[in-house]
Amino acid sequence: MNLKLQLERLFAASLQQLTGLPDVPAQVARSKNPQFGDYQVNGVMPVAKRLGRNPRELAQQLCQQTPLGELASRVEVAGPGFINITLANSFLDQSLNAWRSLPLLDAAERPLTVVIDYSSPNLAKEMHVGHLRGTIIGDAIARTFEALGHRLLRQNHFGDWGTQFGMLITHMQEAAQGLPLGSQLRDLEQFYREAKQRFDADPIFAEKARQNVVRLQSGDANCLAMWREFIATSVEHCEELYRLLDISLERSHMMPESRYNERLPGIVAKLESQGLLTESAGARCVFLEQFQGKEGEPLPVIVQKSDGGYLYATTDLAAIDYRCNELAADRVLYVVDARQSLHFQQVFAVARQAGFATSDCSLEHLSYGTMMGKDNKPFKTRSGDTVKLVDLCHESIERAFAIVSSKNPDMPEKERRRIAGAVGIAAIKYADLSKNRNSDYVFDWDTMLSFEGNTAPYMLYAYARLCSVWRRAGVDLAQFQAAVAVKAPQERELALRLLQYGEVVETLAEDCLPNQLCLYLYELAGSFMQFYEACPILKAEPAEQSARLALAKATTRTLAAGLELLGIRPLEQM
RNA sequence: GCGCCCAUAGCUCAGCUGGAUAGAGCGUUGCCCUCCGGAGGCAAAGGUCAGAGGUUCGAAUCCUCUUGGGCGCGCCA
């Protein structure tokens, strides 16, 4: 169900017929202003300009030649050459009634293999707020592609192989005596800080750490064993968070850096055989003309250090090779923060040049901005430390619990805890997802936990209210079958909004901006609230009641499905 | 020095990739409970879209410059 696409095709076809020009888009868009109908055709004016014709005249002809049938109740030329379309109520009814027995989303006409690289924490430390956005946004995008029937492959490219592991292993060797390792690693952040302190302060420790990196990478059994133990603990920490945040990443999606280790020499060899490698100050680099550094000197992509070690650019090249050639990806999406944009530009360019990425494989860096505190500086604790993700989640749940308790003092505590758990996590996710990922955003507890405005609590409330209607009506949602019959303006508005679900989700798979879906769901919830105020359901006459319940059912399904794409579980009561 | 991103209502943010009179929420000022969950709905006030040029039927959106902010630029990831 994609009204926009349906109209676009109708008008584009007759525009082509009318002008003889191939591939002219009709530029159908939702109308912002209700006086301009539901949809508008914007594509006539540019074409008229190109052909030196009168745009209003051409628009008039286009209206007459486009077979809209029963679809529209009003089609008119307006302004300099817009065509405004008002859909017929009967068409809205028919479409909604047909939709009842269909999946909410159409399967993609051309299913793609889409690889998405997200979350990808560094296992040396515990996950902190810096990982939040990528994890949440990536997860929503992944769920969306899946729902549209694409072949979606999650890749959790976590950092388990860097230089820091030498440091951590050394600290484990020296500090592990006495306490069992498990208890030491309970606070990974603390453990990392201690190791880092010793590394910076003690040259002997630092030297041992460097040796341990070499031993680890060359397969020393002892080092490997300690490394495995550390990684296992760290992975458990991540998984605990994924469960808490309801993130769809699982073991099978783990494709850490270490897994590319044995491929790295081959990557460098291929670059060399293609004459792309240059040695500079002992390091092996690829220089591309389009990248310049300070003072206009060429900027290298270093793929092998002077000591022979490999770098994350090398691993990323190996990952591109794997994703494009072995996984046969059509699109590879990197949900990584904006500061790495130069890195990805370089790596993508080298990958193309060297043929690791074929020309029909699209490499996309979906970057996102920084999470800021209320002071407009990167979000930190009062003492200036990074905030651990677990702590953030628990604080959110606690705050939600206080709010839920004040709203429902008589509810059993267990129930309030359950609701607070869902609301607290939903609030964090929704606050992030509802903002355009490209910009930095200010993290504010009061705004995100507010029940007013475009927030998780408002959305969950709207859903709970819907569920309450079903309980009151004594009707089983799954069993209920009745036809929609739109009359009141609020019913019409809601019906139209419902039918736009598909086009919104399909757009999301194009531009990967989940805030578009949030906005849609917020407007849907708003349309429902207005309908709910203006059109009584339970007190209506039987015929009217079942038509309204039919609208309510479509709303319930759509809201639940949309929230699920965002990784948010709706609550039946709150 | 070079490059990327950002600047929209008092505050927090949208603006669907160039469409008509720039929209929400908070806050402010009012209104609506004989009503299915008031955790709601309705309304008002609030704007030089940082500034200046340019492109064109049409610009918050594209181009150039200026100002102000964030980030990144050789062996960390």
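Order of the sequence lines fixes the chain letters, A, B, ..., with proteins taken first and strands second; residue numbering starts at 1 for each chain.
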For B:G74, measure the glycosidic angle (O4'-C1'-N9-C4 for a purine, O4'-C1'-N1-C2 for a pyrimidine) and name it syn if it falls within 90° of 0, otherwise anti.
syn
Using only atom types and a distance under 3.5 Å, with no angle test, would you say the side chain of A:T507 pairs donor to acceptor with the backbone of A:E503?
yes
Where along residues 466-477 of chain A does a heavy atom come under 4.0 Å from RNA chain B, residue by residue in number order?
A:S468, A:R471, A:R472
Using only side-chain N and O atoms of A:Q530, determine if any of them is under 4.0 Å from OP1 or OP2 of B:C42.
yes
Is the A:Y334-A:F348 ring centre distance short of 6.0 angstrom?
yes
Given A:D432, A:D337, A:D440, the one that forms salt bridge (charged side-chain N to carboxylate O under 4.0 Å, His left out) with A:R133:
A:D432
Quick one: A:L519 CG to B:G25 C1', roughly how many Å, whole number?
12 Å
Please test A:S405 against A:N408 for side chain to side chain donor-acceptor pair (under 3.5 Å), starting from the C-alpha separation and ending with a verdict.
CA-CA 5 Å; A:S405 296; A:N408 310 284; over 6 Å; no
Would you confirm whether A:R30, through its side chain, and A:D38, through its main-chain N or O, come within 3.5 Å as a donor-acceptor pair?
no
note: A:M574, atom CE; B:A39, atom P; distance rounded to Å ~ 11 Å
Comparing nearest nucleotides in RNA chain B, the 5'-proximal residue of the pair A:C535, A:Q304 is A:C535
So A:P46, base contact, sugar-phosphate only, or nothing? Heavy-atom distance under 4.0 Å.
base
With the six-membered base ring of B:A39 as reference, does the ring of A:Y458 sit under 5.5 Å away with planes under 30° apart?
no
Are OP1 or OP2 of B:G37 and a side-chain N or O of A:K407 less than 4.0 angstrom apart?
no
Please state how far atom CD in A:Q40 lies from atom P in B:G58, giving the value in whole angstrom units.
18 Å
Answer with base, sugar-phosphate or nothing: what part of the nucleic acid does A:E503 contact at a heavy-atom distance below 4.0 Å?
nothing
Are the aromatic rings of A:Y458 and A:F451 close, with centres under 6.0 Å apart?
no
What do you reckon, do A:Y522 and the base of B:A24 stack, with centroid distance below 5.5 Å and planes below 30°?
no
Listed nucleotide nearest any side-chain atom of A:T163, set B:G15, B:C36, B:A77
B:A77
Is any N or O donor-acceptor pair between the side chain of A:Q346 and the base of B:G3 shorter than 3.5 Å?
no
Taking A:N84 for its side chain and A:G37 for its backbone only, find out whether a donor-acceptor pair lies under 3.5 Å.
no
Expressed as a whole number of angstroms, how long is the span from A:Q490:CD to B:G40:P?
19 Å
Ignoring hydrogens and angles, are the base of B:A77 and the side chain of A:D160 linked by a donor-acceptor pair under 3.5 Å?
no
For B:G15, does OP1 or OP2 lie under 4.0 Å from any side-chain N or O of A:N436?
yes
Only counting residues at least two apart or in another chain, list the ones meeting ring pair (Phe, Tyr, Trp, His ring centres under 6.0 Å) with A:Y312.
A:H343
Nearest-Å distance, CG (A:L342) to C1' (B:C76)?
15 Å
Counting distance alone, no hydrogens or angles: does the base of B:A39 have a donor or acceptor under 3.5 Å from a partner atom on the side chain of A:N408?
yes
Of the nucleotides B:A77, B:C26, B:C4, which one has an atom closest to the side chain of A:E257?
B:A77
Using modelled atom types and a 3.5 Å cut-off, is there a donor and acceptor pairing between side-chain atoms of A:E415 and backbone atoms of A:P412?
no
Donor-acceptor contact below 3.5 Å, side chain A:K125 vs main chain A:Y192
no
Suppose we call two aromatic rings close when their centres sit under 6.0 Å apart. Are A:Y260 and A:W161 close by that rule?
no
Rounded distance in Å - CG (A:D38) to P (B:C16)
19 Å
Summarise how protein sits on nucleotides 7-12 of chain B as a single string, 5' to 3': B when a protein heavy atom is under 4.0 Å from the base, S for sugar-phosphate-only contact, - for no contact.
-----S
Specify the glycosidic conformation (syn or anti) of B:U17, with syn defined as within 90° of 0.
syn
Does any N or O donor sit under 3.5 Å from an N or O acceptor when you compare the side chain of A:Y312 with the base of B:A77?
yes
Nearest-Å distance, CD (A:E533) to P (B:A39)?
12 Å
Please figure out whether A:A313 or A:L538 has its closest RNA chain B nucleotide nearer the 5' end.
A:L538
Classify the nucleic acid contact of A:A338 as base, sugar-phosphate or nothing, counting any heavy atom under 4.0 Å across all strands shown.
nothing
Provide the Watson-Crick or G-U wobble partner of B:G25, both distances under 3.5 Å; none if there is no partner.
B:C11
Nearest-Å distance for atom pair CG/P, residues A:N454 and B:A14:
10 Å
